[in-house]
Amino acid sequence: ESDQGLNSNISFFNQSMEYKLLERRELEKQLKSALAKDQFFLVYQPQVCPGSGVIIGFEALLRWRRSQSEIEAPARFIQLAENLDLIQEIGAEVIKQACRAQCAFTNVLGRNVQMSVNLSAKQLKEPSLYHTIKDNILNVGTPPSCFTFEITETTFIESQEQASQTLERLRSFGVRISIDDFGTGYSSLHQLKRLPVDELKIDRSFIEGVLTDQVDTGIAKTIIALANHLQLKVIAEGIETNSQHHFVTGYPDVICQGFFYHRPMEMDQAVATLKRQKQQMSPRQQAQQRL
Ligand code: C2E
Ligand code: MG
Ligand code: MG
Ligand code: MG
């Protein structure tokens, strides 16, 4: 009797494993053909000046239109794309679309808009990344300094040599480098000393408890102070509540990103948002923004 029970457990276990495997194979198969089918697109989340609400730039975030009714977020497929060696090609598509969007947004607003793009470790290992970025930016004719490439601390650990070489070249070309999810990886301070960096993004996990948890408050304040000392730009990610917003307005140089201001949006909605902002701004504010 106990044997039987054990057997049925095993067979149940196997079935669910089999299901997972099938699902994964299906995901793999579809992901492999997604590029050819043009199923990747970007959504854009505004980065704002918290005092005025003025949009300074956007972070481009990847989405996969897997079918008419399914849109997958990066957590569902980026890792797999890396394992299947598809990330370079997908990444090139991301860079191309982000450059075009930067141009479109700049035209709407009549001044240069900043555009941030995420890079994965695997992309940085590939020397061709430099050319992909350079060619796309030269193609749209925007100053390279309008583009920021976000990497995580883990990226540096995974591909130290090649990564820092590529980053140096990119930076000499004129683009900006940001450390995403700052404080959640390894040896942040050591990396800061070694690598060409222009910006830190305070991870959402620290912003979450910025009013309730003394440790989070301390960490957030310390990252802001560190950025100031090193003359780096600092972005607070994941601002969701009015009180978190209130906290960051105490630091006039901090740029903010989060659902409290705007959710990531598709291209046409981003254009509409920028048009609205332009109409609302006084001529004096507009002149100041152009400076
Ligand atoms: P990330 O670069 O740290 O991007 C921020 C993530 O936080 C985005 O999730 C965004 O939608 C989400 N977010 C923004 N504001 C809030 C908020 O107020 N509350 C909460 N709960 N979440 C907020 P998303 O789009 O799902 O992207 C997840 C991660 O996937 C990104 O984290 C980034 O590491 C990666 N990723 C996104 N696009 C790309 C890409 O084009 N290439 C690569 N290699 N990675 C990408
Ligand atoms: Mg990012
Ligand atoms: Mg982040
Ligand atoms: Mg993240």
Side-chain angles (χ1 to χ4, degrees), residues 31 34-35 39-48 50 57-65 71-102 114-126 129 132-133 136 147-155 158-159 163 176-185 188 197-210 220 223 233-245 247-248 255-266 269-270:
L31 193 57
L35 265 167
Q39 290 176 334
F40 294 108
F41 68 103
L42 297 177
V43 289
Y44 304 91
Q45 186 177 32
Q47 299 181 332
V48 306
F58 293 84
E59 178 174 7
L61 296 160
L62 183 60
R63 296 292 181 267
W64 173 25
R65 200 180 306 278
I71 292 177
E72 303 281 11
R76 280 273 295 167
F77 64 89
I78 289 269
Q79 182 82 54
L80 186 59
E82 287 182 353
N83 296 342
L84 295 173
D85 257 339
L86 294 170
I87 196 69
Q88 278 92 351
E89 245 188 297
I90 297 174
E93 179 65 25
V94 166
I95 292 161
K96 189 172 95 190
Q97 289 188 24
C99 285
R100 288 188 184 158
Q102 194 281 342
Q114 292 291 316
M115 181 63 69
S116 294
V117 177
N118 294 283
L119 295 178
S120 79
K122 277 254 168 78
Q123 283 175 277
L124 265 178
K125 276 186 196 160
E126 212 46 60
L129 176 74
T132 305
I133 290 176
N136 276 285
F147 292 90
T148 301
F149 290 89
E150 298 188 0
I151 21 226
T152 62
E153 293 157 298
T154 321
T155 309
E158 276 180 31
S159 52
R176 304 171 70 258
I177 307 295
S178 171
I179 304 188
D180 205 350
D181 308 338
F182 185 75
T184 61
S188 325
V197 168
D198 305 278
E199 174 187 287
L200 303 180
K201 291 189 89 168
I202 307 175
D203 190 62
R204 190 169 82 220
S205 61
F206 303 127
I207 295 298
E208 209 178 304
V210 87
I223 295 176
K233 183 171 155 187
V234 55
I235 299 196
E237 284 197 283
I239 307 280
E240 290 181 349
T241 67
N242 190 40
S243 37
Q244 288 166 346
H245 161 72
F247 172 85
V248 286
I255 303 296
C256 292
Q257 188 181 339
F259 296 168
F260 178 77
Y261 309 98
H262 300 276
R263 287 187 175 255
M265 46 185 119
E266 291 196 33
Q269 202 190 340

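Whatever order the structure lists them in is the order used to number ligands and atoms, beginning at 1.
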Chemist: Please state which option from Phe40, Phe259, Phe260, Phe77 has its nearest heavy atom closest to atom 23 (C) of ligand 1.
Modeler: Phe259
Chemist: Measure from atom 43 (C) of ligand 1 to every heavy atom in Ile78, Ile90, Val94 and give the option owning the shortest one.
Modeler: Ile78
Chemist: Please indicate whether any nitrogen or oxygen in Leu61 is less than 3.5 Å from any nitrogen or oxygen in ligand 1.
Modeler: no
Chemist: Surrounding CZ of Arg100 (heavy atoms of other residues, nucleotides or ligands, distance under 6.0 Å), is the total greater than 12?
Modeler: no
Chemist: Between OE1 of Glu237 and OD1 of Asp181, what angle is found at the Mg ion (ligand 3), rounded to 10 degrees?
Modeler: 100°
Chemist: For Gln257 and ligand 1, does the shortest N/O to N/O distance drop below 3.5 Å?
Modeler: no
Chemist: Answer yes if the ring centres of His262 and Tyr44 are under 6.0 angstrom apart, and no otherwise.
Modeler: no
Chemist: Among Lys201, Arg204, Glu237, find the residue that satisfies the side-chain hydrogen bond (donor to acceptor under 3.5 Å, both in side chains) test when tested with Gln257.
Modeler: Lys201
Chemist: N/O/S atom of Ser178 under 2.8 Å from the Mg ion (ligand 2), yes or no?
Modeler: no
Chemist: Please name the atom of Glu150, limited to N, O or S, that comes nearest to the Mg ion (ligand 2).
Modeler: OE1
Chemist: Would Lys201 count as a contact residue for ligand 1, given that I'm defining contact as a non-hydrogen atom of the residue lying under 4.0 Å from a ligand atom?
Modeler: no
Chemist: Establish, yes or no, whether the cationic atom of Arg65 lies under 6.0 Å from the six-membered ring centre of Phe40 and within 45° of the ring axis.
Modeler: no
Chemist: Which is closest to atom 44 (N) of ligand 1 in terms of heavy atoms, Pro74, Gly238, Ser120?
Modeler: Ser120
Chemist: Below 4.0 Å from ligand 1: does a non-hydrogen atom of Arg263 turn up there or not?
Modeler: no
Chemist: With a 4.0 Å cut-off on N to O distance, would you call Arg176 and Glu150 a salt bridge?
Modeler: no
Chemist: Quick one: does Ala75 get a heavy atom under 4.0 Å from ligand 1?
Modeler: no
Chemist: For atom 34 (O) of ligand 1, tell me which residue out of Asn118, Asp203, Leu119 has the closest non-hydrogen atom.
Modeler: Asn118
